[in-house]
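Each chain gets a letter, A, B and so on, in the order its sequence line appears, and its residues count up from 1.
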Amino acid sequence: MISEQKNMIEVSDLSFGYGDFMLMKNISFSVKEHDIFVIMGGSGCGKSTLLHILTGLKKAAGGRIKIDGKNLWMPDQSLRKDIMTNCGILYQSGALFSSMTLAENIALPLQQYTEYSSKLIQELVSLKLALVGLAGFENFYPSEISGGMNKRAGLARALALDPKIVYCDEPSAGLDPISSHLLDDLFLEINQSLGTTFVIVSHELPSIFAVANNSIYLDAETKSIKGSGNPRELLQNPPNEKVKEFLTRGENIHA
Amino acid sequence: MLSSRIAKGEITVIMEGNLCAFDNEAQKEAVYTAAAEQKTAKIVLDAKKLTEWDSTTVAFLYKLSKGRKEVDDTSLPKDLAHLVQLALRVDRKPPEAKDNQQEFLEKVGEGSLNAYTSFCRGVRFIQDSLKSMIRLVSGRAIMRKVDFLFALEGCSYQAVGIISLISFMVGLILAFVGAIQMQTFGVEIYVSSLVAIAMTRIMGAIMAGIVMSGRTGASYAATIGTMQVNEEVDALRTMGIPTTDFLVLPRISALMITMPFLTMLSDLMGMIGGAVVGTVMLGFSVDEYWQYTEKALKMSNFLLGILHGFVYGYIIALCGCYYGVHCGRNADSVGVATTKAVVASIVWMIVITGILTVIIEEAGA
């Protein structure tokens, strides 16, 4: 299934700020197809903001973003909608609609963007829930299941349309180590089976080392990328003290 | 294309060509029926001629393989087989479905118990709010001045515009409708008395109350409801700070202070609305209209209107805060709390008006 890897996301000279305050200056990076790419960095460095820019929720002050070869901020908004239907998003809290059951949450994008019969949609909903280990939970409401299960259901919804890219905002936040580990395994399995590209914002080191095969480190002070590559290799050969401090939880610095 | 063949206790499912976005119900149903008829039969998946597949193919295979003991998937493409295996792995079984079938008596019993619990909770909330007010008077309440001032701002000058407009229009409508009837008897000038009495006695207070219920009461329910969702109310409780002191008291005090003034404003604007009809439509001079308005105005009516406004202030704030504090934990419940707060405050305003009217009539006011 995996052939020569092409660039799925290309970001060049991206800048973003709030008023006079610049959060990112001339950031450039690319995400290859089938990668599990992690955007890491300390609190306040702009990880989530970068994710919002990539998902089109915020517009950058400058620079260019290409997704699957197409410019994200192209003048024709209908083409932009096409790009976004190829992207699934898993929000930090799961962001499931509380007034809908899990099945209704997952069926929503299928009803909106496909011509499938209701029977097929039902089958697909059961499959997506089973893939994330929630088989049989179709008729449960988000408030009736745990935080970890909410995130899994959120992932099932993100996968509903078989997107090429899935963005995840702090997927391990607020989860116990076992749930977090199970979620990491799920990312790996879905990445291997479906070839989905994952872009994950995280500062949870165990998760980063478990899943990522590529990453960037955002630095809040210089507002730029201070390191990029496989996190395990970055740990072995850190390009600078900032990356080393982050990947060793500051233990080498404070020892 | 999809087909099946049954032989020697085996069901062979043949998948051919492109099965992307596969939505052929008839072909799938035929395979499902064959599998259902031969529950113990081994299923052999023949995908030698399968060229393309997607999630719909996986969904079909998952449904077919679920609960089967023997499934031969050796000819499936590796990724497809892996996905079906991943879906079939059960991490956690859902709890047994709750039995929602209730007997009639059970429903009545549960409904009565819920009503009784809600009633007790409401009474306790009123008690708590009154105790908080006593603590405020005795200077022992934990209420931040800034919260009170913020609440005061929200229900004072910010509400002037909308109350003025609505009351002006109500006065105008009242005079217009009254004038049509009074013209028949040639006593149009008494329109001024009608508007003056109606507005000062009750209409001014009711209009101010309805506007403030939709505007401020709903906002109290939504604000406190969102705090409940974000666990801010729990944080207050665990800090030992009474929620009625901290959240309810500033809002109740602010509305009880401003509502009499807003009622006065409403009275005035209603009478101005009436005067517009009296002067423009009926042709009276401003002096003439005012003369009859002055005759009809009674201090007792005016004070009763103010008293109603004061009581409405308490009811609106109480309902808004009550439904906010007792809001559920999701976005939907904030909407429900807001709706309930507005409906309950308007219903209680009317009920209390009825009670007050009977008491006042009995007292001979």
Distance to the ring centre below 6.0 angstrom and angle to the axis at most 45 degrees; does that hold for A:R157 and A:Y91?
no
Could you tell me which portion of B:E29 (side chain, backbone, both or neither) has an atom closer than 4.5 angstrom to a non-hydrogen atom of chain A?
side chain
Tell me, for B:K66 versus chain A, whether the close heavy atoms (under 4.5 Å) come from the side chain, the backbone, both or neither.
neither
Do B:Y323 and B:Y220 have ring centres separated by under 6.0 Å?
no
Report which part of B:A21 has an atom under 4.5 Å of a heavy atom belonging to chain A: side chain, backbone, both, or neither.
both
Contacts of type ring-ring contact (aromatic ring centres under 6.0 Å, His included), residue A:F37, not counting sequence neighbours
A:F29
Roughly how far, to the nearest 0.5 Å, is the CG atom of A:D68 from the CD atom of A:E33?
7.0 Å
Looking at A:K128 and A:D162, does any basic side-chain N land under 4.0 Å from a carboxylate oxygen?
yes
What part of A:L186 lies closer than 4.5 angstrom to a heavy atom of chain B: side chain, backbone, both or neither?
side chain
Under a 4.5 Å heavy-atom cut-off, does chain B meet the side chain of A:Y141, its backbone, both or neither?
neither
Less than 4.5 Å to any heavy atom of chain B: does that hold for the side chain of A:S143, its backbone, both, or neither?
side chain
